[in-house]
Amino acid sequence: MTLAQPLPDTPSNLSHPTHPTRPYARALALIVVVLTGAWLGLLVVGAVGTPVGPMDTTMTLRPSLTGGTKINVSPLGALELESHVAPIRLDVDVDRLDPVRSQALVEHPERLSGLQSEVSQDVTAGTRELAWRSCVAVVSGATALGLAVYRRPRRALAAGGLALVLLAASGISAYATWNPKSVLEPKFSGLLSSAPSVVGNARSIVTEFDVYQKELARLVTNVTKLYDATSTLPVYQPDPGTMRVLHVSDIHLNPAAWHIIGSLVEQYEIDVVIDSGDTMDHGTAAENTFLDPIPDLGAPYVWVRGNHDSPTTQRYLERLKNVHVLDDGRAVTVAGLRVAGTGDPQFTPDRSTRPQGDPAERMAGIRLASALRDQHSAGTPVDIAVAHNPVAARETDGEVPLVLAGHVHHRETELLPLGTRLKIEGSTGGGGLRAVQNDEPEKVRASVLYLDRDTRRLQAWDEITLGGLGLTTAEVSRHLATPEPATGPPPGSPSATPSE
């Protein structure tokens, strides 16, 4: 019997480790440990209490995909600022007001000028302390978790060092993308009645670097007034240099829309309401009583016909007090604002006629553009044009600074090639009563437009979004009408009109 001879060592029979080394998996695991430990560290010790003017606040860093700053003004709501782009977000919670300092500010508004530097210094000091504490929290959290997971001091120190590097990179990114003018375009979510008071009146863009100090101090003042027990809501006081236009559209027989519009007129002290059509659903005479609340909304009401509004609807509105119906390029001056508009050329609920589609809309827009040129030649240039369908509205490019439309049930803002700004509003009726047939109710949308009272040019606008039928959430986003280069002559100039 012969003994089996051992096989020679070959690559096929050499022993291999049972668990081969996986460097990528280990690196990924280390990153997970670092991020988790850093997050836990920030949760435990990453908050800093600091005064900001008359307010006592708590500042905290939080992981985030988009960055920015969130100011929680409980129970009124929250403000979000696109202050920076980094994987960390600054949360500022307003805890309480110092009664002595807040009362002095409310009773003596002239102290606002001194408050600017005070608020800026408070924010700088709080941010500096938060940065140091966050470094300690992030490194400590990552190191402690690394030690608990790996049970090796070297691995734990590596986790802490990597956490510090990531935090430093985030800080550099935040510094490099810092936008001090973000306070001019806040996004508010919370109680709609508090929105105009918290955000304040829209201002035109200023180029001075101290805009951050000025606007932040104004924000602190607004919040202080709202919190003060002796003040009465709303405390919003509009800038006398601005005109405020409420743009609504596509109400579609939702009776709740009148309450919303009336509230916005009162809260924002609206000068003019402009409705870009589809107020009705079928345009029948039986629906006309739905329009009766319009004269009592508290502001002049300018209206153009939508494709769900019949001539019967239009004739009924023409008889209502304080209502201005525009059609075929007709122009009116309301509260110092020159507005012209045209009704939709199609009435789609009427099944006896075949809709002509976009060609009919373009022809209506061309006729509106011609009427705008006639107004300019007569020395009465139009400030705002209105059409229901955006296809018609686009034909006015180069003839008017601003044109409003609706129809598509979502918002769009576009600077057209010849310099006209097109603003399309969503449905102020949340899609109408038919919206209850959907799985989720459509959101209710309207916009407050701020125009310079002298030039009657758009300065800024607030996009107001409510949660829809049965919901009470509210969101207000401020946007500035930043000047953008146009590819053609300015609106109203002779060269902007087509040659004969």
Side-chain angles (χ1 to χ4, degrees), residues 192 195 245-268 270 272-299 301-310 312-314 316-317 320 323 325-326 341 343-344 346-349 386-390 393 404-412 423-449 461-477:
L192 179 60
V245 176
L246 178 62
H247 182 201
V248 302
S249 190
D250 296 86
I251 293 174
H252 286 293
L253 280 181
N254 183 356
W258 301 132
H259 175 72
I260 294 170
I261 293 172
S263 297
L264 292 173
V265 168
E266 179 181 0
Q267 292 164 21
Y268 283 86
I270 296 297
V272 183
V273 179
I274 297 180
D275 186 339
S276 49
D278 270 6
T279 312
M280 312 299 264
D281 219 355
H282 299 93
T284 63
E287 296 173 338
N288 283 343
T289 55
F290 171 75
L291 305 168
D292 290 345
I294 292 180
D296 299 321
L297 291 176
Y301 201 89
V302 178
W303 182 87
V304 298
R305 186 181 64 249
N307 62 294
H308 281 264
D309 304 317
S310 67
T312 301
T313 303
Q314 180 162 319
Y316 189 85
L317 275 168
L320 292 182
V323 176
V325 175
L326 304 182
D344 197 292
Q346 305 178 91
F347 179 54
T348 53
V386 191
H388 177 66
N389 196 306
L404 307 180
H407 185 62
V408 294
H409 288 212
H410 64 265
R411 286 193 182 107
E412 293 182 29
K423 287 193 57 57
I424 306 172
E425 189 52 78
S427 174
T428 309
L433 295 181
R434 290 176 295 174
V436 300
Q437 301 173 358
N438 302 330
D439 294 335
E440 294 183 4
E442 186 175 332
K443 293 183 181 298
V444 173
R445 294 178 170 88
S447 294
V448 177
L449 314 179
W461 66 92
D462 288 344
E463 293 182 348
I464 300 170
T465 305
L466 305 181
L469 294 176
L471 300 180
T472 58
T473 57
E475 179 181 290
V476 180
S477 298

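Position 1 is the first residue of the sequence; numbering continues from there.
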Considering all heavy atoms, the nearest [X]-[Y] contact:
| X | Y | value |
| --- | --- | --- |
| Val304 | Gly341 | CG1-CA, 4.1 Å |
| Ala393 | Ala405 | CB-CB, 4.1 Å |
| Ala299 | Val273 | CB-CG2, 4.1 Å |
| Asp275 | Thr279 | OD2-OG1, 3.1 Å |
| Pro349 | Asp281 | CG-O, 3.7 Å |
| Ile251 | Ala257 | CG2-CB, 3.6 Å |

Inset, instruction - Measure up the His388 and His407 rings against each other and bin them: parallel (under 30°), tilted (30 to 60°), perpendicular (over 60°). - result: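 Ring orientation, 0 to 90° scale: perpendicular.
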Inset, instruction - Give me the ring orientation class for His308 and His252: parallel if the planes are under 30° apart, tilted from 30 to 60°, perpendicular past 60°. - result: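 Perpendicular, since the angle between the ring planes exceeds 60°.
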Find the distance between [atom1] ([X]) and [atom2] ([Y]) and round it off to the nearest 0.5 Å.
| X | Y | atom1 | atom2 | answer |
| --- | --- | --- | --- | --- |
| Ile424 | Ser447 | CD1 | OG | 11.5 Å |
| Glu425 | Leu449 | CD | CG | 8.5 Å |
| Arg411 | Thr465 | CZ | OG1 | 3.5 Å |
| Lys423 | Glu463 | NZ | CD | 5.5 Å |
| Ile270 | Ser263 | CD1 | OG | 11.5 Å |
| Leu326 | Ile274 | CG | CD1 | 8.5 Å |

Legend entry - Verdict with supporting geometry, Val272 and Leu246, side chain to side chain contact (heavy atoms under 4.5 Å, CB included): CA-CA 6 Å; Val272 183; Leu246 178 62; over 6 Å; no
Inset, instruction - Could you walk me through whether Val265 and Tyr301 pass the side chain to side chain contact (heavy atoms under 4.5 Å, CB included) test, one step at a time? - result: CA-CA 11 Å; Val265 168; Tyr301 201 89; over 6 Å; no
Taking the side chain as C-beta and beyond, is there a heavy-atom pair between [X] and [Y] under 4.5 Å?
| X | Y | result |
| --- | --- | --- |
| Ile260 | Ile464 | no |
| Leu291 | Tyr316 | yes |
| Glu412 | Pro390 | no |
| Ile294 | Trp303 | no |

Would you say the side-chain atoms of [X] pair up with the backbone N or O of [Y], donor to acceptor, closer than 3.5 Å?
| X | Y | answer |
| --- | --- | --- |
| Thr428 | Ser249 | yes |
| Glu287 | His282 | yes |
| Asp309 | Met280 | yes |
| Arg305 | Asp344 | yes |
| Trp258 | Phe290 | yes |

Legend entry - Residues which pass salt bridge (charged side-chain N to carboxylate O under 4.0 Å, His left out) with Asp250, listed by chain and number, not counting sequence neighbours: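 Asp250 satisfies salt bridge (charged side-chain N to carboxylate O under 4.0 Å, His left out) with no other residue.
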